[in-house]
Q: 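Got a structure here, written out as C-alpha cells. Questions coming.
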Amino acid sequence: MRIDLHTHSSVSDGTDTPREVMHQAAAAGLDVIALTDHDATAGWAQAVREVAATGVSLVHGAELSCSADGISVHLLSLLHDPNDPELQAQMQQARESREHRAQVMVERIAVDYPMTFRDVLDHAAHGATIGRPHIADAMVALGYVPDRAAAFARVLASDGPYYVRHYVQDVRAAVQRVRAAGGVPIIAHPRAVARGRVVADEVIAELAQIGLAGLEVDHRDHDTAARAHLRALAADLGLLVTGASDYHGQGKENRLGENTTDPEVLARILEQGRLEVVRPPRP
Ligand code: AMP
Ligand code: ZN
Ligand code: FE
Ligand code: FE
C-alpha cells in the first residue's frame, strides 16, 4: 500500500484541481492520499467524487498556518470534523489575512517590479487560499523570473525586504483545536531549515504533552541527519512518523509518492480521527 499524506490543490497553492490531484495520484501508483490545502478544506468535495473513478482512497485534511513564539509551524490536521466552528473560523481568518498580506506584499514588490494584485488573482482559483506562490506565478507571467523557485529565491523569501506576515494560529492552541474537532495533528516538515527558523525539540515535546500525534519525518526538505534526529525524537515522545510529498502540481519539484507513510501508521491515524477514510467501492 502506497500512502502520501500531504498534497496541495488549486484550492490553495497547488496547480492541479482536486480532481486532477486524485487522477495524478492514481497515475503515480498511490493507494491513499490526504488532500491538505493551506487553511482550507474546500477541495474535499471534488476530491471525494474521484475516489471511485481513480481507486485512490482519500484522507480529508488541511495544513494549518501556525507559529510557536514567532517561528512558523505548519500543522497538518487529518480527519477532523469539517463543521467544527472553531477550526473553520481559524482557517477563514488565515485566508482573509493572507489575501490582505498578499496585497501589501504586491504594493511593496511593485515599486521594483511593476504589477498589480489583479495580476496575482489571475493566477489563483476563485476562493483559493492566496499564498506567495500566486505572487510568484504573476511574476513569471510578467517575465521577471523563470519560475516559482526563482521568485522565492530573489523576491519572496521570508527574510527579504518585501515579506509581510499574515495571521497564524498559535500552534499550541491549534493542536488542541484540531483534537477538539476530532482531527489528528501532525507537524509538517518540522526541520525544513531552508524555509527559516524551525521549532526546538522542547516545543515539540510540549506539544506532544497536549495532543500532538505525529511528525512528518520523510519530506524532501529534510536531509538524512534531520530525518534521523526526528525519528529518534518521535520514538522518545511516542509520536507517529509520517512521510509525504507535499505535492504542489507543477508549482514545485515535489512528485506524488516521493515519500510515503507506513500502512501501520495510517491505521493508527484512522483510529484517532473522527472522519473515516473514503475508500473506493469494492468491485
Ligand atoms: P505562504 O504560504 O504564502 O507563506 O508561501 C509559502 C508556500 O510557498 C509554501 O507552502 C510552499 O508551498 C511554497 N514555496 C516555498 N518555497 C518555494 C519555492 N522555492 N518554490 C515553490 N514554492 C515554494
Ligand atoms: Zn504551499
Ligand atoms: Fe508546509
Ligand atoms: Fe504543504
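Computation of the quantities below employed the complete heavy-atom set of this structure, encompassing side-chain atoms and omitting hydrogens, waters and symmetry-equivalent molecules. Counting starts at 1 for both ligands and their atoms, following the listed order.
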Q: So among Arg195, Arg191, His189, which one has a side chain to side chain donor-acceptor pair (under 3.5 Å) with Asp221?
A: Arg195
Q: What I want to find out is whether Asp246 reaches Arg220 closely enough, with some N-O distance under 4.0 Å, to be called a salt bridge.
A: no
Q: If you measure from the Lys or Arg side-chain nitrogens to the Asp or Glu carboxylate oxygens, is any gap between Asp223 and Arg227 under 4.0 Å?
A: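 Salt bridge between Asp223 and Arg227, a charged N being under 4.0 Å from a carboxylate O: no.
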Q: Kindly determine whether Arg197 and Asp69 satisfy salt bridge (charged side-chain N to carboxylate O under 4.0 Å, His left out), including the steps that lead there.
A: CA-CA 11 Å; Arg197 294 164 67 208; Asp69 315 312; over 6 Å; no
Q: Have Asp13 and His38 got a donor and an acceptor in their side chains that come within less than 3.5 Å?
A: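 A donor-acceptor contact under 3.5 Å links the two side chains.
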Q: Using the side chain to side chain contact (heavy atoms under 4.5 Å, CB included) rule, pick out the option among Val51, Leu58, Leu270 that qualifies with Val277.
A: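 Of all the options given, the one that passes is Leu270.
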Q: Please determine if Arg231 and Asp218 form a salt bridge, counting it only when a charged side-chain N lies under 4.0 Å from a carboxylate O.
A: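 Yes, Arg231 and Asp218 are salt-bridged.
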Q: Can you list, by chain and residue number, the hydrophobic cluster partners of Val168 when the side-chain cut-off is 4.5 Å?
A: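 Taking Ile, Leu, Val, Met, Phe, Trp and Tyr as members, Val168 stands alone, with no cluster partners.
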Q: So which pairs with a foot in residues 97-108 pass side chain to side chain donor-acceptor pair (under 3.5 Å), sequence neighbours left out?
A: Asp39-Arg98, Ser65-Arg98
Q: Using a strict cut-off of under 4.0 Å between a residue heavy atom and any atom of ligand 1, list the qualifying protein residues by chain and number.
A: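 For ligand 1, the contacting residues are Asp13, His38, Arg98, Arg101, Gly131, Arg132, Pro133, Arg148, Ala149, Phe152, His248, Gly251, Lys252.
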Q: Sort by chain and number the protein N/O/S atoms that are closer than 2.8 Å to the Fe ion (ligand 3), and list them.
A: Glu63 OE2, His74 ND1, His189 NE2
